[in-house]
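Data block below; observations after.
These values consider heavy atoms only, across backbone and side chains, with no hydrogens, waters or symmetry-generated copies.
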Amino acid sequence: MNERCTSKGDFSLQNGHEGQQSRKRNSRETCLEPCAIERGMRVIGGKWTGSIIYHLKDEPVRFNDLVRMLGGASKKMIDQRLKELESRNMVVRKVLNDRPVAVSYELTDFGRSALKVLDAVRQWSEANDI
């Protein structure tokens with residue numbers, strides 16, 4: 001595979017000749033900006049972020065139910081990640097009740113678009129015992 005990093009930081013892979021794979025760098029060795037992979041990982045790669053997205057895949061989930069699903073994460077951590085996802089338009093927060101306060105979260109179309117990537121990461125992790 002040939003690696004190419006453009007001045008905008010884009011990273012692409014191309015097949016080598018005759019089915020062989022080779023690694024070559026374009027004359028531009030250093031990216032001045034994060035490449036597309038790094039930018040994407042900044043969105044979905046935070047601790048618990050992928051798991052939150054995964055648990056919202058089928059339907060809206062109430063906050064306390066999400067806390068139970070993510071047994072090892074604190075409420076503060078989950079709240080922080082949900083706010084990040086909401087600010088990136090990946091989830092929508094809906095207030096269900098004022099007293100007692102009850103909210104649910106659901107994926108937007110943009111949030112749903114990350115599911116295929118997360119599933120590929122899951123398969124890779126399982127295949128490599130990670």
Set of residues satisfying side chain to side chain contact (heavy atoms under 4.5 Å, CB included) with respect to L96, sequence neighbours excluded: R62, A102, S104
For V67, all residues meeting side chain to side chain contact (heavy atoms under 4.5 Å, CB included), sequence neighbours excluded: F63, K75, I78
Whether the side chain of [X] engages the backbone of [Y] through a donor-acceptor N/O pair (distance < 3.5 Å, no angle test) should be reported.
{"X": "S125", "Y": "V121", "answer": "yes"}
{"X": "S51", "Y": "W48", "answer": "no"}
{"X": "R112", "Y": "K57", "answer": "yes"}

Taking the side chain as every heavy atom from C-beta outward, state whether [X] and [Y] have any atom pair closer than 4.5 Å.
{"X": "R42", "Y": "P34", "answer": "yes"}
{"X": "L85", "Y": "L56", "answer": "no"}
{"X": "V43", "Y": "R88", "answer": "yes"}
{"X": "V91", "Y": "E106", "answer": "no"}

Atom pair OG1/CE of T49 and M77 - distance to nearest 0.5 Å: 8.5 Å
Nearest-0.5 Å distance that lies between atom CD1 in I44 and atom CD1 in I52: 13.0 Å
Does the distance from a Lys or Arg side-chain N to an Asp or Glu carboxylate O, for [X] and [Y], drop under 4.0 Å?
{"X": "R122", "Y": "D119", "result": "yes"}
{"X": "E86", "Y": "K83", "result": "no"}
{"X": "D65", "Y": "R68", "result": "yes"}

CG/N128: more than 12 non-hydrogen atoms of other groups inside 6.0 Å: yes
More than 12 heavy atoms from other groups under 6.0 Å of CG on N97: yes
CA sep, side-chain torsions, deciding dist, call: M90, L107, side chain to side chain contact (heavy atoms under 4.5 Å, CB included): CA-CA 6 Å; M90 295 191 77; L107 291 176; 5.5 Å; no
Co-membership, hydrophobic cluster, residues V61 and F110, 4.5 Å side-chain: yes
Pair L66-H55, side chain to side chain contact (heavy atoms under 4.5 Å, CB included): steps then yes or no: CA-CA 7 Å; L66 194 55; H55 285 297; 3.8 Å; yes
Exercise: identify the closest heavy-atom pair between Y105 and L82: CE1-CD1, 3.6 Å
Contact summary for I53 and L118, nearest pair of heavy atoms: CG2-CD1, 3.6 Å
